[in-house]
Structures are given as structure tokens and as C-alpha cells.
There are 2 protein chains.
Amino acid sequence: MKAKHEKASAEQPDYNYETLDRFVGYHMKRAFNVVQADLTETLKSFELRMLTYTALVLIVDNPDLSQTQLAVAMDIERANLVVIVDELERRELIVRDHVPGDRRAYALNATLAGRRLCKKAVAAVVAHEERLFSGLSVKKKAALIEALSDLHVNAESNE
Amino acid sequence: MKAKHEKASAEQPDYNYETLDRFVGYHMKRAFNVVQADLTETLKSFELRMLTYTALVLIVDNPDLSQTQLAVAMDIERANLVVIVDELERRELIVRDHVPGDRRAYALNATLAGRRLCKKAVAAVVAHEERLFSGLSVKKKAALIEALSDLHVNAESNE
DNA sequence: ACATTATTGTTATATACTATAACAATAATG
DNA sequence: CATTATTGTTATAGTATATAACAATAATGT
């Protein structure tokens, strides 16, 4: 008989997950934890976090975006966007350009340094996903993306 | 031309997501946000959060679980489990039973009230998932679960 | 039997994410 | 010109997550 402190075999989980295993949401959470942990490591060398990375990518792909539009695109509250934009601006990766005719609004634009860092970070995230999803066929990966995007794009449409 | 403050058509998102859309992780995050928001609403009437719900389910399905085992099962730090178990204990949904021969450890067990609440909460989560994934065929839902669980179960095995 | 090492649960602390409310400045509307 | 709405910001609170350190206690090694 094993001593009590010996770790249970990793290949043979000895917990009863029968209830939780029925739920897609549970698997989504656990799987996303794995992805997020690896993504966090991947982005660390660029001194980016998931939110600042996402914001940078969206600003690069959508010149002249306003903060409100960026918050909507990221599905976060406007108030919580401020520190994200502040950080990207402080690092001179983006600028808050003034909008002619509207003194309230900014037009967010990436700098050259921002676009360069973005390109590198995207390449690193591509490698991170290739690593994580290497066991998934191209067909299954496409199906996964389709199912997940159906879920959140439809939810965005219903807002 | 539309006035500037008019909301863009919801059916026709006018953002360029071409970079982010390539990433499974991005879709996982966005889709999970949707699931989590609905789950939060679902659990609110039971005064449960996702973590206290998960803990309760695991304790019901695994009598005599230790706190360390529960933390492992939930993939969270032992330190962060304390307030979760505290709350379930305070609500008399679970008890911290002593372990004969080991004064350090507890055996976590659900009370009758805990099992009853768990049963109702699980039923509500079943309905929440049926609502959210109604557009997904049974086959596709199974494929989604398989892909996601492959990802996180494999990661758990590699720890 | 005793010293050493490991485990269990806890406390403290820090960071990040998320939600809500309120506000000033400014634009749009009536 | 008064009223309403928008943009961005500040403040605050709650939750989740990570790390370090510790006391009490069990397991291990000699």
C-alpha cells in the first residue's frame, strides 16, 4: 500500500469528475487556464499581458480607433481600458491622437515601435498555439474555432 | 453618412479582427466570457460563484477529500482554497471532518443541505448549458468537449 | 528514539481582472 | 439655448490568482 504522501499517478486521476465532465463550460475554463498560462509566459518577454497584447493588436489592425470602440471590440468596460491604454502609451507603442472636431475623443494609433513589437508578439503567439495545439488536426482546430466563434459572435450580436 | 455617435450595426461588426481571429486562444477567451457571464447569473440565486460551485460539486462527488486534494482537483493554489472552503462551511453546505491519525488534515464532506443545493445548482447549470449551446448539435458538442478536454487533461498529465 | 524533512492548512500580501458609480468636458439633439 | 448623450477618467469594491512564510504535525532516515 502506498504511503499517504505519495503523489497519485498522474496518468490515473483518482478524482470523480463525473458531474463536472458533463459541462462544456467546465472544459472551456480548464482548457483556457492551460492556454492562458502558456500565453502569459509567451508574452512576458515582450512585457505584455493578454489584455495589453489584445489591445495592441486591435489598434494596429484598426487605425484611428476610439477608446470606446476599443473597449467594445475587447468586450471590456471603458473604465478598465484606461490603464491598458495608459501603459501602451507610456511604452510609446501607441499614441492618443486628437480627433479634429471632437475634443472628447482620441484616435488610437500604433507607433512604428508598436507595430514592430506587435509583429514579433503575434509571431510568438503563433508559435505558442502551434505548440499547444500540435495534437489537434487542422480540421479539428478549424471546427473548434468555428464552434467557439459561433458562441461568442452570436452572443455579441444579441447584445 | 451616419452620424458619428450612431451605434454600428450589430450584425455587421466593423472591426478588423483578422489577426485575433486566427487564434484559438482568443476564441476560447471570448467564448468563455459569454459562458461565464451566464453561469454567474445562473449561480447567483444559489449564492454560489463558479469556484464555490465547483468546489461543492467535487466535494459531493468525492467524499472525504482533503483540502490539498481539492486544490489539485480544481487546479488552484492551496492558499486560495481556504476562503472557498470557509464560505461553504459557514453556509453549512460542507463540514471539515477530522481525519483519524492525522491532526493536520481535514476530510471535506457535504451536508444534506449541501447535497440538496448542489443537486439544484447542477440542474440549473444543465439548463444554462442547454440554453447557451442549443445551436450546437450533440455531435459537435461532444467534439468540442473532446478537443477541450484533450487539451487540459493532457496538460494536467504533464505537470 | 531522535533529528531531519515533508506535508497540511493558514495568513499575509501583491497583482490583475472585472464591475459599478459618478463626474467633467464636450458634442448632439430638440 | 436648454437638455440629453457621449467620451474618457477616477474611485472603489469584489474576485481570482500567485507567492512567501509559518506553525503544527506526520513521515523518513539513522
Side-chain angles (χ1 to χ4, degrees), chain A residues 1-8 29-30 32-37 39-41 43-44 47-55 64-72 74-89 94 96-108, chain B residues 1-8 29-30 32-41 43-44 47-55 64-89 94 96-108:
Chain A
M1 160 185 124
K2 283 176 181 172
K4 270 185 298 196
H5 68 286
E6 269 188 3
K7 202 191 264 181
K29 167 65 175 169
R30 295 298 298 263
F32 183 66
N33 279 355
V34 173
V35 172
Q36 181 168 42
L39 182 65
T40 297
E41 284 309 301
L43 294 176
K44 191 168 283 181
E47 291 176 65
L48 290 171
R49 305 186 311 280
M50 186 178 66
L51 287 180
T52 48
Y53 163 78
T54 301
D64 291 329
L65 208 56
S66 73
Q67 287 187 198
T68 296
Q69 289 175 313
L70 180 54
V72 167
M74 292 176 69
D75 191 29
I76 69 176
E77 301 289 341
R78 294 190 326 263
N80 296 326
L81 186 71
V82 176
V83 296
I84 295 167
V85 174
D86 280 352
E87 178 174 336
L88 295 175
E89 185 183 50
I94 67 164
R96 277 171 160 117
D97 287 330
H98 289 291
V99 176
D102 193 338
R103 299 217 302 256
R104 300 168 302 176
Y106 295 112
L108 302 172
Chain B
M1 160 185 123
K2 283 176 182 174
K4 270 187 297 198
H5 66 285
E6 269 188 4
K7 203 189 262 185
K29 169 63 175 169
R30 295 298 298 263
F32 184 66
N33 280 358
V34 172
V35 172
Q36 182 168 41
D38 198 271
L39 181 66
T40 296
E41 285 309 301
L43 294 176
K44 190 168 286 181
E47 291 176 65
L48 290 172
R49 305 185 313 280
M50 186 177 67
L51 286 179
T52 48
Y53 163 78
T54 300
D64 291 328
L65 209 56
S66 73
Q67 288 188 198
T68 296
Q69 290 175 313
L70 180 54
V72 167
M74 293 177 68
D75 191 29
I76 68 177
E77 300 290 343
R78 297 192 323 264
N80 297 326
L81 187 73
V82 177
V83 296
I84 294 167
V85 174
D86 280 353
E87 177 173 337
L88 294 175
E89 186 182 48
I94 68 165
R96 277 173 162 114
D97 287 330
H98 289 290
V99 175
D102 192 338
R103 303 226 293 264
R104 300 167 303 176
Y106 294 113
L108 302 172

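What you see below is based on every heavy atom in this structure, not just the backbone, and it leaves out hydrogens, waters and symmetry mates. In what follows, chains are A, B, ... by sequence order, proteins preceding strands, each numbered from 1.
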Checking D/dG8, C/dA16, D/dT17 against the side chain of A/R49 (C-beta onward), the nearest is C/dA16
Of the candidates D/dT25, D/dG8, C/dT18, the side chain of A/Y106 sits closest to D/dG8
What's B/R103 touching, base or sugar-phosphate or nothing? Going by heavy atoms closer than 4.0 Å. sugar-phosphate
When both distances are under 3.5 Å in a Watson-Crick or G-U wobble arrangement, the nucleotide paired with D/dT17 is C/dA14
Check the phosphate of D/dG8 against A/T68, side-chain N and O only, distance under 4.0 Å to OP1 or OP2. Yes or no?
yes
Margin query: Under 4.0 Å, counting only non-hydrogen atoms across every strand here, what does B/A79 touch: a base, just sugar-phosphate, or nothing?
Written below: base
With sugar-phosphate meaning primed atoms plus P, OP1 and OP2, does A/L81 contact a base, only sugar-phosphate, or nothing at under 4.0 Å between heavy atoms?
nothing
From the candidates D/dA26, D/dT17, D/dG8, the one with an atom nearest any side-chain atom of B/N80 is D/dT17
Considering only heavy side-chain atoms of A/Q67, the closest of C/dT20, C/dG9, D/dG8 is D/dG8
| said: Counting only side-chain nitrogens and oxygens, does A/K29 get under 4.0 Å of the OP1 or OP2 atom of D/dA16? | reply: no
Does A/R96 put a side-chain nitrogen or oxygen below 4.0 Å from OP1 or OP2 of D/dT9?
-> yes
Checklist entry - Got a donor-acceptor pair under 3.5 Å from the side chain of A/R78 to the base of D/dG8? => result yes
The nucleotide from D/dA26, C/dT8, C/dA27 with an atom nearest the side chain of B/D102 is D/dA26
